[in-house]
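In what follows, every chain begins at residue 1, and chains take the letters A, B, ... in the order their sequences are listed. FYI, side chains are in, hydrogens and waters are out, and symmetry mates aren't considered; it's all heavy atoms of this structure. Since we're looking at a predicted model, the values are computed, not measured.
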Amino acid sequence: MTMKYTEDHEWLRVDGDVVVVGITEHAAEQLGDVVFVELPEVETMVAKGDDCAVIESVKAASDILAPLDGEIVAVNDKLVDNPGLVNEDPLGAAWFFKMKIDDLSVLDQYMDEDAYKDLIG
Amino acid sequence: MADLKRTVFYDLHVELGAKIVPFAGYEMPVQYPMGVLKEHLHTRSDAGLFDVSHMGQVILKPKSGRYEDAALAFERLVPVDVAGLAEGRQRYGLFTNDEGGILDDLMFANRGDHLFVVVNAACKDQDIAHMRAHLSDVCEVIAITDRALVALQGPKAEAALEGLVPGVAAMKFMDVAILPWAGVDLWISRSGYTGEDGYEISVPEAQAVAFARALLARPGVAPIGLGARDSLRLEAGMCLYGHDIDQTTSPVEGNLTWAIQKARKAGGAREGGFPGEARILRELAEGPARRRVGLRPEGRAPMREGTVVYAGTEGGEPIGTITSGGFGPSIEGPMAMAYLPATLKDGDTVYADVRGKRLPATLAPMPFHPTSYKR
């Protein structure tokens with residue numbers, strides 16, 4: 001299963017007919033210890049670039065932007081009770097939300113792993 | 001990072017894997033590989049070593065050779081009992097301005113025939129100029145530029161330092177002493193900025209790195225950055241100058257009346273006689289309109305500096321602003337300080353605007369985490 005990456009340090013993974021969204025290891029490391037996560041409501045329609053989740057570390061607050069147009073179909077409530085999961089397993093257990101989108105080809109605009117690694121140097 | 005200064009520990013910070021950020025004109029470690037959260041908890045469970053060499057160290061040496069003369073001169077600038085401080089003891093103080101606002105907060109110690117003063121990094125140049133302008137008739141104002149300053153804080157600090165510098169265990173909270181280590185004098189106080197027992201130690205720069213390495217080799221001692229220093233002091237209810245107190249806030253509004261001893265209050269032996277005395281004595285008598293208070297947000301969302309506070313869930317004008325806020329690792333939840341109307345009391349609920357939503361927070365006593373000083 002291939003991952004795609006945004007310039008905002010989010011990862012996207014296709015899982016059946018939905019796209020799972022999280023933040024990259026690099027982002028988690030830069031944020032530091034995460035102490036608070038606020039997730040969007042399920043069944044919300046979002047447009048690419050909308051603020052749709054909030055992540056706060058010991059240092060600062062950051063917004064998670066919707067990477068695509070679509071509907072939020074699931075959120076990871078475990079992050080609300082255990083924000084530290086974002087630091088422990090950012091690419092796995094600490095997914096943020098799942099989106100349903102009409103056309104998966106829009107993912108092509110995003111970087112693959114090699115391109116993302118080049119971005120973060 | 002041109003124009004930024006480095007402390008003598010810069011290379012050691014880098015060697016220890018610190019992430020360096022600009023702070024008060026210096027390149028300082030904000031965190032080490034342990035990370036802010038674990039560094040905070042480590043300081044509370046073991047011991048943390050902090051580089052605070054960016055702070056200003058100043059000696060006020062009376063021309064007469066008598067402590068009392070320096071003390072009475074210093075009292076012109078602070079609403080604090082300096083003359084009544086016993087030899088070998090340290091006290092918290094504040095420089096006030098003519099409007100009763102706070103120019104800086106500081107620590108000063110009676111070292112027998114002179115005063116030793118430690119001021120904030122960001123204010124040290126103007127503080128030294130301020131002291132020279134107002135004290136030079138009585139004192140020589142000597143800026144100490146060849147000594148580093150470290151803080152060793154936490155329950156294992158006493159054993160760690162006693163192993164290197166015998167005698168420190170006998171000191172009590174806010175005692176000061178000059179003790180030898182490796183042939184040089186260490187200027188030691190039993191105090192800090194974390195709410196933990198611990199020490200602040202001034203060491204000649206030439207021996208400072210060796211001293212820090214010796215401390216780091218002691219059981220339980222880890223290097224701690226500015227990130228954890230901030231969450232530790234906030235849990236301890238302590239002010240950060242420029243945020244929780246500044247030139248517009250009086251000591252009474254800042255909830256620092258405990259720092260103004262009886263001798264300087266109305267009816268005291270040396271009543272008034274400090275900048276801004278009209279406002280400060282009036283507020284002591286009548287109470288201030290607003291006061292710095294502690295807040296515990298009800299949910300998990302941190303309420304950061306600058307967050308606006310309201311009395312209710314809808315409408316109305318703001319009643320105050322949060323001046324420091326974040327997550328307290330030891331209290332496992334968010335905490336904040338705010339200036340709010342003095343009519344509010346502990347247990348009252350207010351509402352802070354976090355990303356457009358008014359979230360409830362309760363006025364709470366400080367410190368948020370109990371202190372553990374060796375009194």
Side-chain angles (χ1 to χ4, degrees), chain A residues 8-10 23-42 44-47 49-66 72 75-91 93-97 120-121, chain B residues 17-23 28-44 224-235 296-307 322 324-336 352-357 359 361:
Chain A
D8 301 313
H9 308 285
E10 293 168 24
I23 68 164
T24 65
E25 277 179 304
H26 173 76
E29 197 184 307
Q30 292 297 310
L31 284 166
D33 304 299
V34 174
V35 296
F36 173 76
V37 171
E38 187 176 280
L39 296 166
E41 283 179 30
V42 174
T44 315
M45 295 301 295
V46 294
D50 285 355
D51 297 345
C52 67
V54 176
I55 183 165
E56 294 220 22
S57 73
V58 285
K59 294 174 209 159
S62 318
D63 292 316
I64 305 277
L65 309 179
I72 304 289
V75 297
N76 186 0
D77 286 322
K78 278 186 193 153
L79 299 185
V80 175
D81 298 326
N82 182 15
L85 208 54
V86 177
N87 300 106
E88 289 161 26
D89 191 9
L91 301 182
W95 59 276
F96 275 68
F97 50 82
I120 61 175
Chain B
K19 187 175 168 189
I20 304 286
V21 298
F23 179 83
M28 296 299 288
V30 67
Q31 64 172 84
Y32 296 88
M34 194 186 275
V36 176
L37 202 71
K38 290 195 181 80
E39 288 173 29
H40 177 116
L41 296 172
H42 184 91
T43 305
R44 296 247 186 266
I224 309 295
L226 292 175
R229 183 168 162 83
D230 191 53
S231 54
L232 287 159
R233 69 89 195 170
L234 186 49
E235 277 188 345
R296 288 301 311 270
E298 283 179 21
R300 288 189 64 105
M303 296 174 177
R304 307 276 179 183
E305 180 176 1
T307 301
I322 286 173
S324 278
F327 180 83
S330 301
I331 61 172
E332 297 181 322
M335 59 186 167
D353 185 326
V354 179
R355 293 178 287 271
K357 279 183 234 162
L359 303 180

Worksheet item: With no hydrogens and no angle check, is any side-chain donor or acceptor of Asn87(A) less than 3.5 Å from a backbone partner on Gly32(A)?
Response: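 Yes.
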Item to complete: Without swapping roles, check the side chain of Asp8(A) against the backbone of Ile64(A) for a donor-acceptor pair under 3.5 Å.
Response: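 Between the backbone of Ile64(A) and the side chain of Asp8(A) there is no qualifying donor-acceptor contact (under 3.5 Å).
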Practice prompt. Measure the CZ-CG distance between Phe97(A) and Leu39(A) for me, rounded to the nearest 0.5 Å.
Written response: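 Here the rounded value is 8.5 Å.
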Discussion item. Report which part of Ala60(A) has an atom under 4.5 Å of a heavy atom belonging to chain B: side chain, backbone, both, or neither.
Written reply: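 Just the backbone, heavy atoms under 4.5 Å.
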Practice prompt. Could you look at Val54(A) and say if it's the side chain, the backbone, both or neither that has a heavy atom under 4.5 Å from chain B?
Written response: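 When you check distances to chain B, only side chain atoms of Val54(A) fall under 4.5 Å.
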Discussion item. With no hydrogens and no angle check, just 3.5 Å: does a side-chain donor-acceptor pair link Glu235(B) and His40(B)?
Written reply: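 Yes, His40(B) and Glu235(B) have a side-chain donor paired with an acceptor closer than 3.5 Å.
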Worksheet item: Which atoms of Arg300(B) come close to chain A, meaning under 4.5 Å heavy atom to heavy atom: side chain ones, backbone ones, both, or neither?
Response: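 For Arg300(B), the contact with chain A is made by backbone and side chain together.
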Item to complete: Examine whether an atom of Glu332(B) lies under 4.5 Å from a heavy atom of chain A, and if so say whether it belongs to the side chain, the backbone or both; otherwise answer neither.
Response: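 Neither; nothing under 4.5 Å.
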